[in-house]
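As the structure is a prediction and not an experimental result, all values here were calculated from the model.
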Amino acid sequence: MPTRSSPSSPSARASKLAKMDDSIDISQAVTGSEPIPSYRPDARARRYDRQLRLWASAGQRSLEAARILLIGCDATGCQALKNLVLPGIAHFTILSPRITNAQDVTTNFFLHPDSIGQPISQEATRLLKELNPAVEGAARVEDVAELIQTDPNFFLSFNIIILSNGEPDVELALADLLWEASATTGGPDVPLMCVRNTGFIGRIEIQIREHCVVDTHPETTHTLRVDEPFPALEKYARELDLEAMDSLEHSHIPWVILLVRAVSIWKEQHGGALPDENSDEEKAEFKKLLVSERSKADEENFEEALAKAFLAWNKSEVPSDTRNLLEDPSVVTVSTSSKNLHLLLHTLLKYTSTSPHLPPTSPALPDLHSSTTAYIALQNLYKAQYQEDLARFKKLLASVLEGLGLPPDAIPDEEVEGFVKNTGGVAIVKGRPLRESKEAKGLLAEAIKEQFSETFLTPLAGPMHLALLAAERFYSTHKRWPGTKELSDMAEDQREMEETVKGIVSPLVEGFEELDDGYVESITEVVRGGFGCLPNTAAFLGGILGQEVLKLITRQYQTLDNTVIVDLVKSTLDKFRF
């Protein structure tokens, strides 16, 4: 008869251990429930939290892939780079052959007394990199003019180039190089941002052939379609039983629904026609129809509907800015080298060519007086229509891409969906060559004629811009800036500058004789500044430069087109297009 093993026998212990092959150490043990996921943002999201709210993850990805070149390592240029290193660009290079001197250290926050005698580009790079370890930085101690001749492709490898207080001849040579490179179809279109400052005066100029903005962040992207409601919206509005509602529910019907309902009834009674926008009588009649369904005199939703009643007779159509884009030759005719925005706009042109001849519906809604239930129901209607319009748009886009021999995923879905949501928030900026402004041709020549025909641009734009142009011509002649010698020479520099401005204006303005006080005052201020780089002016201009670079990189917000002048003596800033 077999005997029962005792609990302490070796065989019993071995048998028990064999049943626990899947056991783990107690320190690693967890309960049988699923682990709770962590919704805490990662380190990148926490670092860039506030800026992600401005340009979202798509903009941040563009930023983190950007390569920036700074030519001229002075306080203004370094302040601009600081405003790009902190948000997290991928890489920056500083190009300058200069050696750091004591004056550089006194004006440039990103230099140290120990930097004196060292290459300024290397020292500034070392200290700027400390602001954000995720950003790469490099320095090149070379002459810019020589590099333009020996290695022009170096400049084409960057996304944006900032030239800070460069020599006028170098500025023009670089501008010409970039402009010619962008003339080739599909060639690199590298924006050039030139900044020049003297004392409390500063100017920024941007040269770019073409810049596509995917989101200008307009105040509203709503396409409510009150006068041309899509079927589901009109059906929902007409089927509401207002008489069966209690007073609370009735007073929280969204005003959009009230307007759509009134428009539908009006069309039914008037042969499909909307109220005549030129007839005060019909407008009043429509408002009377609208409020006829009001149950109490103080219902806020009906007051909102009355305030928006103009939507019933202002016919929905493609916005004028978007319509102008659709008529652009580069949009009407596209090719394999066309930019994504051109392809999307070309598809939109096809989309709007059929009834109801309107852009896709936006899923966004304005704030309005409504209950949560009613608001969500309305939002779901617009979201459903957006998805339907998006599917139709994607089908048309696939046809366009196939016709060009491009793959169906040539444009990422995220970009397509963002475009369809925001067709009214895109823009194309057509730039001009910097040389035209420097030689007082094109738009600048027209502006000068207007200025002296007493059709003033502004008190600042003409005089200060011409004063800085004269200073650049002065440098090309004397290889020094006006006002940089002894005080006894300043009067002579002033006189020569005035003659230079007269030489610019005389061929353009018939009967011109003397400069007025505004021009003389501007020339005096430019000469008095001695083209010194003051820390406060540098910080202000660096902030503007950083802001405009971010717009260009993320392709969001409306960028500067193409010149801004700052006068910190008078606390004025003026932007204009030359």
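- Summarising the geometry of Thr107 relative to Ala75, their closest heavy-atom pair is O-CB, 3.4 Å, with the distance given to 0.1 Å.
- Counting only distance, with no hydrogens or angles, the side chain of Ser506 and the backbone of Gly503 share no donor-acceptor pair below 3.5 Å.
- Remark: the backbone N or O of Val331 is not paired with any side-chain donor or acceptor of His342 at under 3.5 angstrom.
- Looking at Leu84 and Ile162, their side chains come closer than 4.5 Å, going by heavy atoms from C-beta outward.
- Of all the heavy atoms in Asn165 and Arg196, the pair that sits closest is OD1-CA, 3.2 Å.
- Ser337 places none of its side-chain heavy atoms less than 4.5 Å from the side chain of Val334.
- Between Tyr557 and His217, the ring planes are parallel. Angles under 30° get that label, and only those over 60° would be called perpendicular.
- Side-chain contact annotation: Asp74 with Thr76, donor-acceptor N/O pair under 3.5 Å absent.
- Pro360 and Val420 get closest at one heavy-atom pair: CB-CG1, 3.5 Å.
- Minimum interatomic distance between Cys212 and Ile428 (heavy atoms only, all atoms of both residues): SG-CG1, 4.4 Å.
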Task: Working for side chain to side chain contact (heavy atoms under 4.5 Å, CB included), residues Met193 and Ile160 - done: CA-CA 8 Å; Met193 310 187 72; Ile160 292 179; 4.1 Å; yes
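- Scanning all heavy atoms of the two residues, the minimum distance from Ile208 to Pro191 falls at CD1-CG, 3.5 Å.
- Ion pairing between a basic and an acidic side chain is recognised when a charged N comes within 4.0 Å of a carboxylate O; Lys502 and Glu514 show such pairing.
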Task: Residue pair Ser437, Thr563: steps toward the side chain to side chain contact (heavy atoms under 4.5 Å, CB included) verdict - done: CA-CA 10 Å; Ser437 174; Thr563 304; 5.6 Å; no
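- Looking at Thr537 and Asn197, their side chains never bring a donor and an acceptor atom within 3.5 Å of each other.
- Within the model, atoms CG of Asp516 and CD of Glu521 stand 10.0 Å from one another, a figure rounded to the nearest 0.5 Å.
- For the pair Leu163 and Gln207, the minimum side-chain heavy-atom distance is 4.5 Å or more.
- Taking all atoms of both residues into account, the shortest heavy-atom contact from Thr100 to Ile120 is OG1-CA, 3.2 Å.
- One finds the CD1 atom of Ile544 at 5.0 Å from the CD1 atom of Ile204 (value rounded to the nearest 0.5 Å).
- For the atom pair NE2 (His465) and CZ (Phe578), the distance works out to 5.0 Å, reported to the nearest 0.5 Å.
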- [ ] Run the numbers on Glu525 and Lys570 for salt bridge (Lys or Arg N to Asp or Glu O under 4.0 Å), then give the verdict.
- [x] CA-CA 11 Å; Glu525 190 58 42; Lys570 298 179 178 178; over 6 Å; no
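- Salt-bridge annotation for Lys449 and Glu446: absent, with no side-chain N of the basic residue lying under 4.0 Å from a carboxylate O of the acidic one.
- Side-chain contact between Asp104 and Glu123: absent, with no pair of heavy atoms (C-beta onward) separated by less than 4.5 Å.
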Open item on the list: Please determine whether salt bridge (Lys or Arg N to Asp or Glu O under 4.0 Å) holds for the pair Arg495 and Glu498, giving the CA-CA distance in whole Å, both sets of side-chain angles, and the decisive distance to 0.1 Å.
Closed with: CA-CA 5 Å; Arg495 186 199 63 78; Glu498 291 180 11; over 6 Å; no
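- Using modelled atom types, no side-chain atom of Asn340 and backbone atom of Ile411 make a donor-acceptor pair closer than 3.5 Å.
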TODO: Go through the steps for Leu326 and Asn324 under the test side chain to side chain contact (heavy atoms under 4.5 Å, CB included), then give the verdict.
DONE: CA-CA 5 Å; Leu326 298 181; Asn324 291 337; over 6 Å; no
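- The number of heavy atoms from other shown groups lying within 6.0 Å of NZ (Lys339) is above 12.
- Using modelled atom types, one side-chain atom of Thr223 and one backbone atom of Ser362 make a donor-acceptor pair closer than 3.5 Å.
- Using bins of under 30°, 30° to 60° and over 60° for the plane-to-plane angle, the ring pair Trp481/Phe531 lands in the parallel bin.
- In this structure, CG on Leu192 lies 13.0 Å from CZ on Phe158, to the nearest 0.5 angstrom.
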TODO: Begin with the C-alpha distance, continue with both residues' side-chain angles, and end with the deciding distance and a verdict on side chain to side chain contact (heavy atoms under 4.5 Å, CB included) for Leu128 and Ile94.
DONE: CA-CA 11 Å; Leu128 279 164; Ile94 300 179; 4.0 Å; yes
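- A salt bridge links Lys551 with Glu548: the closest approach of a Lys/Arg side-chain nitrogen to an acidic carboxylate oxygen falls below 4.0 angstrom.
- Counting heavy atoms from C-beta outward, Gln79 and Leu541 have side chains that stay 4.5 Å or more apart.
- Without hydrogens or angle criteria, Arg126 side chain to Gly137 main chain gives no donor-acceptor distance under 3.5 Å.
- Residue Lys421 places its NZ atom among 12 or fewer non-hydrogen atoms of other residues, nucleotides or ligands, all under 6.0 Å distant.
- Judged by distance alone, with hydrogens and angles left aside, the side-chain atoms of Arg435 form no donor-acceptor pair with the main-chain N or O of Asp176 at under 3.5 Å.
- Ile504 is listed as a side-chain neighbour of Arg473, based on a closest heavy-atom distance under 4.5 Å.
- A distance-only check finds a donor-acceptor pair linking the side chain of Asn159 to the backbone of Arg67 [under 3.5 Å].
- The 12-atom threshold is exceeded at CZ of Phe154, counting heavy atoms of other residues, nucleotides or ligands nearer than 6.0 Å.
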Task: Pair Asp169-Lys479, salt bridge (Lys or Arg N to Asp or Glu O under 4.0 Å): steps then yes or no - done: CA-CA 10 Å; Asp169 294 341; Lys479 300 306 176 186; 3.5 Å; yes
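- Although no hydrogens or angles enter the test, the distance criterion places no donor-acceptor pair under 3.5 Å between the side chain of Thr352 and the main chain of Pro359.
- The only option from Val400, Leu343, Leu344 that meets the side-chain contact (heavy atoms from CB on, under 4.5 Å) definition with Ser338 turns out to be Leu343.
- The number of heavy atoms from other shown groups lying within 6.0 Å of CD (Glu439) is above 12.
- Atom CG of residue Asp321 and atom OG1 of residue Thr423 lie 12.0 Å apart, to the nearest 0.5 angstrom.
- Of the possible donor and acceptor atoms, one in the side chain of Asp493 sits under 3.5 Å from a partner among the backbone N and O of Gly483.
- The side-chain heavy atoms of Thr347 and Phe419, taken from C-beta on, include no pair separated by under 4.5 Å.
- Counting only heavy atoms from C-beta outward, the side chains of Leu178 and Arg209 never approach each other to under 4.5 Å.
- More than 12 heavy atoms of other residues, nucleotides or ligands lie within 6.0 Å of CD in Glu327, so this atom counts as buried by the packing criterion.
- Here the CZ atom belonging to Arg480 is positioned 11.0 Å from the OG1 atom belonging to Thr477, to the nearest 0.5 angstrom.
- Counting only distance, with no hydrogens or angles, the side chain of Arg323 and the backbone of Val318 share a donor-acceptor pair below 3.5 Å.
- Counted within 6.0 Å of CG on Asp517, heavy atoms from surrounding residues, nucleotides or ligands total 12 or fewer; the atom is thus considered open.
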